[in-house]
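Below, read A as the first sequence line, B as the second, and so on, with proteins coming before strands; counting in each chain starts at 1.
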Amino acid sequence: MTDERDPRGLGGPDGGPERDPVTEELVRYGALTDQHPSPGFVDRVMTAVEAEPTPARGGLVNAVAAWLGQLAGPARQSLRMAAVAAVVVLAVGGALIGGELSGLLRQGPSQAGSSGSPTASPTLTASPSASPTPSPTLQPTETPEPTIDATERPQATGTNGTAETSPPTTETPRPSASEDGGTETPQPTETPRPSSSPGDH
Amino acid sequence: MAGIAWHDAGVDDRAIVQAVLTGDRDAFRLLVEREQGTVYRACLRVLGRPHDAEDVAQESFVIAYRSLAGFRGDGPLAGWLVRIATRLAYRRLGQRRPTTSIDEVAELPLHAPGSDPMAAVLAGERERTVRLAVAALPDPYRETVALRFFGELSLEQIATTTRRPINTVKTHLRRGLERLRREMHVEARS
């Protein structure tokens, strides 16, 4: 044990024989503290460990680790390379399969024979067709036409400057042209009423 | 495990770990018997108190037992254990720092006291200077210096245990020693 760790060969930073005062001090300090734990230390540790569960890694991992532990160094290296290669192959294969699946999904229902995918596309086209509903907004544009008529009516009443009963009086002379027909004769008898208005005097 | 004679000197670390993982606690006992000195000394060199060192060493073995499944086997099992122990020891040292000035007087010296009490006090003071100077180093310099001089690991073992290139370990050790040289020089002047 000591020959492998070589505590007495503690030299410079490179492990060489040269030593500076700090290294000398550290080596001296290490030599002064070359002690051992008190008797019964191992039993105390094992008593503490007894309370701990077994640090198991799981059945499969344990079996693989046990098998790897029996292999020699070169065999272990080659096995590690084979495992890395297998992982790379699995990753590339998984990426290819994933790419094909995503490509199939992007191609849509035209090439896919399944009935499940076409059901999704009509729902997408139906949603834009629902947008032309603004047709009811055209109806309010027809409503301004009555408002134009309403603006013309006050102009006719403003000329007389009298009450709202005046417009029927202005329309009554038109039946005078109907006198040619002779059918509505009672109406000309009402025309003298405007002439008796106080404005003439 | 019946197939392996645990008291053979050349038992592989991986075989011990595998036996422990399958529930063989005697295999772990062998590991404790084999590495108790190294782990305890590393803790003692960091902490400076035998009682605390033994406490932290025991805790290190328990934590190692719990996390033995995570041991990859790239480096020696002893290096893995010493690394756990030094980390725990420095954590313990950081927790007790507020009472350092009182306790340090009572714990000196670590070695057997000689006939001259003055020489023992001076030796104890020098030990304390070294211990605190290393503890004041920033990581990774502290870890490298501690594994090398307190944990008795070679540079190659430090490299495999910490999974760092060997040249990086050499650089960390050289810079750590340079910092220690400056620190201890200032300490000696004051």
Nearest heavy atoms of B:Arg25 and A:Pro53, plus distance in Å: NH2-C, 4.3 Å

Closest heavy-atom pair and its distance - A:Gln35, B:Tyr40: O-CD2, 3.8 Å

Proximal component of B:Val134, with respect to chain A [non-hydrogen, under 4.5 Å]: side chain

CZ/A:Arg28: more than 12 non-hydrogen atoms of other groups inside 6.0 Å: yes

Closest approach of A:Phe41 to B:Gln36 (non-hydrogen atoms, all atoms of both residues): CD2-OE1, 3.5 Å

Side-chain heavy atoms of A:Asp43 within contact of B:Arg29, under 4.5 Å: yes

Part of B:Phe150 within contact of chain A (heavy atom distance under 4.5 Å): side chain

Portion of B:Ala133 that has a non-hydrogen atom of chain A nearer than 4.5 angstrom: neither

Side chain to side chain contact (heavy atoms under 4.5 Å, CB included) assessment of B:Arg66 paired with A:Val49: CA-CA 9 Å; B:Arg66 284 181 196 154; A:Val49 164; over 6 Å; no

Distance-only polar pair, side chains of A:Tyr29 and B:Arg45, donor-acceptor under 3.5 Å: no

Value rounded to 0.5 Å, distance of CD in B:Glu33 from CE in A:Met46: 9.0 Å

Nearest-0.5 Å distance, CG of residue B:Asp55 to CZ of residue A:Arg44: 9.5 Å

Over all atoms of both residues, closest heavy-atom pair of B:Gly37 and A:Pro37: CA-CD, 4.3 Å

